[in-house]
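All figures in this text were calculated on a predicted structure; none of them were measured in a lab. We count residues from 1, following the sequence as given.
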Amino acid sequence: MSGVRPARTWGRSGVLLAAAATVLAGCATIPTSGPIHVEGPAVAIDNQELIYRAIPQPPQSGMSPEALVQGFIAASSSAGDGYVVARQFLTPTAAASWNPLSQVQVYDNSGTQTQTRLNAPASVSVTVTGTEDGVIGADGGFLVANAGKTFQVGYRLVRVGNDWRIASLPDGLVLGTGDIEREFRTYNLYFFDPTFSVVTPDAVTVPVTGAGAATVLVNSLLSGPTSWLAPAVRTAFPVGTTLTLHSVPVVSGVAQVDLSSQVLEADDQSRQELSAQLVWTLHQLPNVTGVAITVGGQPLPIPGVVGPVQSVQSWQRYDPDAAGSTGDAYAAAATGLIQIGADGRFQRVAGGVGHGKPLLISPAVSLDGKTVAGITEDRRQLWTQLVAGETPPLLVGRGTDLSRASFDR
């Protein structure tokens, strides 16, 4: 039962300068009254895309080692311009080598503590500790930490002139849950099950950058699934496929995805499947109503697709939730699992789980209605059983605090 489981212009400046020169040369002719004229198209703002950003502050002269490290952590919550402000807290060598995207250690709302140790007159070590909420990997996957788990990060500081700078630090970021809520967003990437029958969501938590959500999502999709899901899913994109211009502009609601020439190696069926992956991934964005796939600026021929733009409602045949239902419901009773028919009548599930052997809670049923699952009251065991017949229940998993069972396709 592998399907059951416990439930990342200069042109405008030139115009402005020319306009300024005109005003300076003829300032006596500037009108002081008259109607207001609209000279350009209105720019629509989607309130769902409004993002409140922290403005990072650069280091100040005379900061203590502890204040410098805390200032660096605060500045590193903003990904703008490649973490340019955060890098100002580092020595030139450390700034050039530091990779902020390798992982993100997320601490909870209790904050962090610092401890300083003097190494030499011009060198100190600052250790930051806190309670870990989880870790976001380089692939965007979020791994929740065990309750009460602590983390410890060390920084070595040296004197640069009259001020301290960080000379040695681990790759990655250390951010609070508030920083994650403000500066990151969680989306689904969509890959296929091994039979290429349905798309499978893969949740990633990615930083909000000036590149735009569409660009971030497509780059993440082309990079492949998160490590924990990778063994269970497939992608239709040929190896090496990338964005040609590393950007996915959204023009009049159409996400324009220009792919590298490797995508031409895909056969007809694979082109349909990779189209479905792109459409399902981009349909989450409220400003995207269609997707245009091109190679070198030319439309990618896709069997069954008429015209250059695919609606975000396309490829519904791969919907993972489109399976039919028997109309029956299941419930956990004090004596075992019961089946409730569409007519409201109920009966015991055949076999052991219907008689409390074992006694299960939080039942789930497979999409074809043939198998039920549930966990024991102590949340330590996961059991499944066929609905029909007297097939004995099967222990399929153990744990210490299992969540509700669920079935996928």
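When all heavy atoms of Ser270 and Ala236 are compared, the pair lying nearest together is O-CB, 3.6 Å. Counting all heavy atoms, side chain and backbone alike, Leu337 lies closest to Pro363 at CD2-CB, 3.9 Å. Residues Asn119 and Arg156 come closest through the heavy atom pair ND2-CG, 4.3 Å. In terms of heavy-atom proximity, Ser362 sits nearest to Ile375 at CB-CG1, 4.4 Å. In terms of heavy atoms, Ala75 sits closest to Phe89 at CB-CE1, 3.8 Å.
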Worksheet item: For Thr129 and Thr112, what are the C-alpha separation, side-chain angles and deciding distance, and is it a side-chain contact (heavy atoms from CB on, under 4.5 Å)?
Response: CA-CA 6 Å; Thr129 58; Thr112 61; over 6 Å; no
Worksheet item: Is there a side-chain contact (heavy atoms from CB on, under 4.5 Å) between Glu132 and Val106 once you walk through the steps?
Response: CA-CA 6 Å; Glu132 187 174 286; Val106 184; over 6 Å; no
Item to complete: Please lay out, stage by stage, how Ser260 and Gln262 fare under the test side-chain hydrogen bond (donor to acceptor under 3.5 Å, both in side chains).
Response: CA-CA 6 Å; Ser260 61; Gln262 284 89 342; 2.7 Å; yes
Worksheet entry | Test side-chain hydrogen bond (donor to acceptor under 3.5 Å, both in side chains) applied to Trp315 and Gln272, step by step | CA-CA 9 Å; Trp315 309 111; Gln272 291 180 326; over 6 Å; no
Practice prompt. Quick one: do Asp202 and Thr226 satisfy side-chain hydrogen bond (donor to acceptor under 3.5 Å, both in side chains)? Show the steps, please.
Written response: CA-CA 7 Å; Asp202 186 12; Thr226 55; 2.8 Å; yes
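Each of Leu68, Asp163, Leu90 was evaluated against Pro59; a single residue qualifies, Leu68, per the side-chain contact (heavy atoms from CB on, under 4.5 Å) test. Checking each of Leu360, Thr384, Leu359, Val387 against Val353 for a side-chain contact (heavy atoms from CB on, under 4.5 Å) leaves exactly one that passes, namely Leu360.
At distances below 3.5 Å, not a single donor-acceptor pair connects side-chain atoms of Gln339 with backbone N or O atoms of Arg348. The backbone N or O of Val396 lies less than 3.5 Å from no partner atom in the side chain of Gln381, so there is not a single donor-acceptor pair. Of the possible polar contacts, none joining the Arg380 side chain to the Thr400 backbone as a donor-acceptor pair under 3.5 Å is found. Side-chain atoms of Trp98 come within 3.5 Å of backbone N or O of Gly172 as a donor-acceptor pair. Put simply, the side chain of Thr289 gets close to the backbone of Gly253: a donor and an acceptor are under 3.5 Å apart. Looking only at distances, a side-chain donor or acceptor of Thr281 sits under 3.5 Å from a matching main-chain atom of Tyr190. Judged by distance alone, with hydrogens and angles left aside, the side-chain atoms of Asp258 form a donor-acceptor pair with the main-chain N or O of Gly296 at under 3.5 Å. Using modelled atom types, no side-chain atom of Trp164 and backbone atom of Gly62 make a donor-acceptor pair closer than 3.5 Å. Although no hydrogens or angles enter the test, the distance criterion places a donor-acceptor pair under 3.5 Å between the side chain of Asp139 and the main chain of Ser227. Using modelled atom types, no side-chain atom of Arg234 and backbone atom of Phe191 make a donor-acceptor pair closer than 3.5 Å.
Side chains of Gln269 and Glu273: a donor-acceptor N/O pair is present below 3.5 angstrom, by distance only.
Atoms CZ and OG1, on Arg398 and Thr376 in that order, are 9.0 Å from each other to the nearest 0.5 Å. The line from CG of Leu175 to OG of Ser77 is 6.5 Å long, rounded to the nearest 0.5 Å. Interatomic distance, CD1 of Ile293 versus CD of Gln256, reported as 12.0 Å (0.5 Å rounding). Here the OG1-CG distance, from Thr235 to Leu221, works out to 6.0 Å after rounding to the nearest 0.5 Å. In this structure, CD on Gln113 lies 10.0 Å from OG1 on Thr150, to the nearest 0.5 angstrom. How far OH of Tyr107 is from CZ of Phe151: 7.5 Å, rounded to the nearest 0.5 Å.
Considering only residues two or more places apart in sequence or on other chains, Glu66 meets the salt bridge (charged side-chain N to carboxylate O under 4.0 Å, His left out) condition with none of them. With sequence neighbours left out, Asp179 forms a salt bridge (charged side-chain N to carboxylate O under 4.0 Å, His left out) with Arg182.
Thr127 has its side chain within reach of Gln152: a pair of non-hydrogen atoms, C-beta onward, lies under 4.5 Å apart. No side-chain heavy atom of Glu183 sits less than 4.5 Å from a side-chain heavy atom of Pro207. Here the side chains of Leu243 and Val218 are in contact, with some heavy-atom distance below 4.5 Å. Under the 4.5 Å side-chain criterion, counting only non-hydrogen atoms from C-beta, Thr91 is not in contact with Ile166. When side chains are defined from C-beta on, Leu282 counts as touching Val257, because their heavy atoms get closer than 4.5 Å. Using a 4.5 Å heavy-atom cutoff, the side chains of Leu157 and Ser123 are not in contact. Under the 4.5 Å side-chain criterion, counting only non-hydrogen atoms from C-beta, Leu101 is in contact with Asn99.
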